[in-house]
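Quick note: residue numbers are just sequence positions, from 1. Just so we're clear, the structure is a prediction, and the values are computed from it rather than from any experiment.
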Amino acid sequence: MNLLQPQGKAEALAMLAEHPDAIPIAGGTDLLVHWPVRPAEHDRTYVDISRVAELKGLQWTDAELVLGGLATYWDIVTDQRAARELPLLVRAARQVGAVQIQTRGTWAGNIVNASPAADGVPVLMAYDAVVVLESRRGREEVPLADFYTGYKQMRRAADQLVVAIRVPRRPYAAQVFEKIGPRRAQAIAKIGLAVTRSAAGWRIVAASMAPTIRRCPALERRLANGPAPRAPEDLVPAIEQDVTPIDDIRSTAEYRKRVMARVLFFALPELQA
Ligand SMILES: Cc1cc2nc3c(=O)[nH]c(=O)nc-3n(C[C@H](O)[C@H](O)[C@H](O)COP(=O)(O)OP(=O)(O)OC[C@H]3O[C@@H](n4cnc5c(N)ncnc54)[C@H](O)[C@@H]3O)c2cc1C
């Protein structure tokens, strides 16, 4: 294994440009899990970005919250303004693993790991977050809702780092995040649902319901324009247009659809208040 340890962002980007097969490593909480069972993965070049000061922490401006490329869940859990303004970030962060993972794991790592069951991605997507990518070739911004192109496929080139995640600040009429799992901590979501309603409209984002985390445009239209649903089942046709859940070790497709409909239906009084 070849481990490179840049001390700054420019050095990290140079290393990624010079080693096209190199993999960035931040908290390591996704990457290291596979190492004992996949020894071949050790034999790579890793760029350990954990010392790059420019990527750490978060910053509030008048218009947005900017999460650095190394911002952790704990940075959000301990930020009082996040609790007031973007509470779904805090709610999701508190449900990622346990404290040890929350202090090491990063939002950017959650995005690039691209698990369909991730907890950080749905809330960021429900807040219209934008992924800021940088390489020696320049800077690029991609809305998170457009970032994934297929299972574990995304609009990020090998030499690009996620250097920031921009989250717009706006007033929300309602915000909900629900993670359905076998227990409260250290669980992988059977279903995740993040919903926001603001002047920008409805954002309904589903996790563990498709090969990627994704927005649900049919459901968003149904709630914006359709008659008020009278039972959870009224939401199922729109859910079936938006997502394609599978049967797997954690759940069945049918269970996922029915529970997603129920979770959304019973959250509606809060969402429409
Ligand atoms: C015990 C345990 C419990 C967990 N529980 C949860 C949970 O409840 N919910 C959940 O969503 N996740 C969970 N995870 C997964 C993991 O903690 C998160 O996905 C975390 O956000 C990953 O961040 P990291 O910095 O550790 O990523 P890493 O492991 O360092 O990297 C993950 C991927 O992102 C890439 N990467 C990292 N940073 C950057 C960057 N700045 N630019 C470009 N690429 C980058 C890496 O190359 C790699 O492909 C758990 C993991 C463990 C071990």
Side-chain angles (χ1 to χ4, degrees), residues 30 33 73 86-98 101-102 105 107 110-111 113-129 144-145 147-148 150-152 154 172 174-197 202-224 226 229-272:
D30 272 314
V33 167
Y73 301 104
L86 300 164
L88 301 191
L89 295 184
V90 182
R91 250 172 259 169
R94 283 190 177 282
Q95 293 193 50
V96 172
I101 298 294
Q102 292 165 18
W107 294 87
N110 199 245
I111 290 174
N113 183 57
S115 164
D119 293 317
V121 175
V123 289
L124 288 171
M125 208 181 278
Y127 282 137
D128 284 345
L144 181 56
F147 189 64
Y148 300 112
Y151 177 67
K152 298 261 180 186
M154 68 204 80
Y172 284 97
Q175 332 179 34
V176 163
F177 173 68
E178 292 290 347
K179 172 178 177 177
I180 308 296
R183 56 187 182 183
R184 274 261 167 234
Q186 303 284 22
I188 300 177
K190 293 170 188 278
I191 298 142
L193 193 65
V195 186
T196 59
R197 190 164 66 83
W202 285 86
R203 301 288 184 265
I204 302 180
V205 181
S208 289
M209 297 295 289
T212 67
I213 289 174
R214 61 170 61 162
R215 270 181 67 179
C216 298
L219 263 180
E220 290 172 3
R221 282 193 301 274
R222 173 74 177 75
L223 292 186
R230 288 186 299 175
E233 291 67 34
D234 292 350
L235 296 168
V236 171
I239 289 175
E240 287 177 337
Q241 284 181 55
D242 285 329
V243 292
T244 50
I246 55 168
D247 296 340
D248 69 8
I249 188 169
R250 292 197 300 279
S251 208
T252 64
E254 194 54 33
Y255 174 88
R256 289 182 153 115
K257 278 188 284 189
R258 290 170 70 88
V259 172
M260 179 172 162
R262 285 188 137 58
V263 169
L264 185 54
F265 180 79
F266 289 111
L268 283 177
E270 182 182 340
L271 286 165
Q272 290 173 323

So salt bridge (Lys or Arg N to Asp or Glu O under 4.0 Å) across residues 232-247, not counting sequence neighbours, yields E233-R262, E240-K257
Could you tell me whether the side chain of [Y] reaches within less than 4.5 Å of the side chain of [X], counting heavy atoms only?
| X | Y | value |
| --- | --- | --- |
| P217 | Q241 | no |
| W107 | V123 | yes |
| V259 | K190 | no |
| L124 | L89 | yes |
| R222 | P229 | yes |
| F177 | T196 | no |
| F147 | T212 | no |

V263 pairs by side chain to side chain contact (heavy atoms under 4.5 Å, CB included) with which of L235, V195, I180?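 Only one option passes, and that is I180.
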Among all residues two or more places apart in sequence or in another chain, which pass the side chain to side chain donor-acceptor pair (under 3.5 Å) test with E178?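 Partners of E178 under the side chain to side chain donor-acceptor pair (under 3.5 Å) test: none.
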So with a 6.0 Å cut-off around [atom1] of [X], is the heavy-atom count from everything else above 12?
| X | atom1 | value |
| --- | --- | --- |
| L271 | CG | yes |
| F266 | CZ | yes |
| R250 | CZ | yes |

With a 3.5 Å cut-off and no angle check, do the side chains of N110 and Y73 form a donor-acceptor pair? yes
Sub-3.5 Å donor-acceptor pair from the side chain of K152 to the main-chain atoms of N113, do we have one?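 The answer is yes, because a donor-acceptor pair under 3.5 Å joins these two groups.
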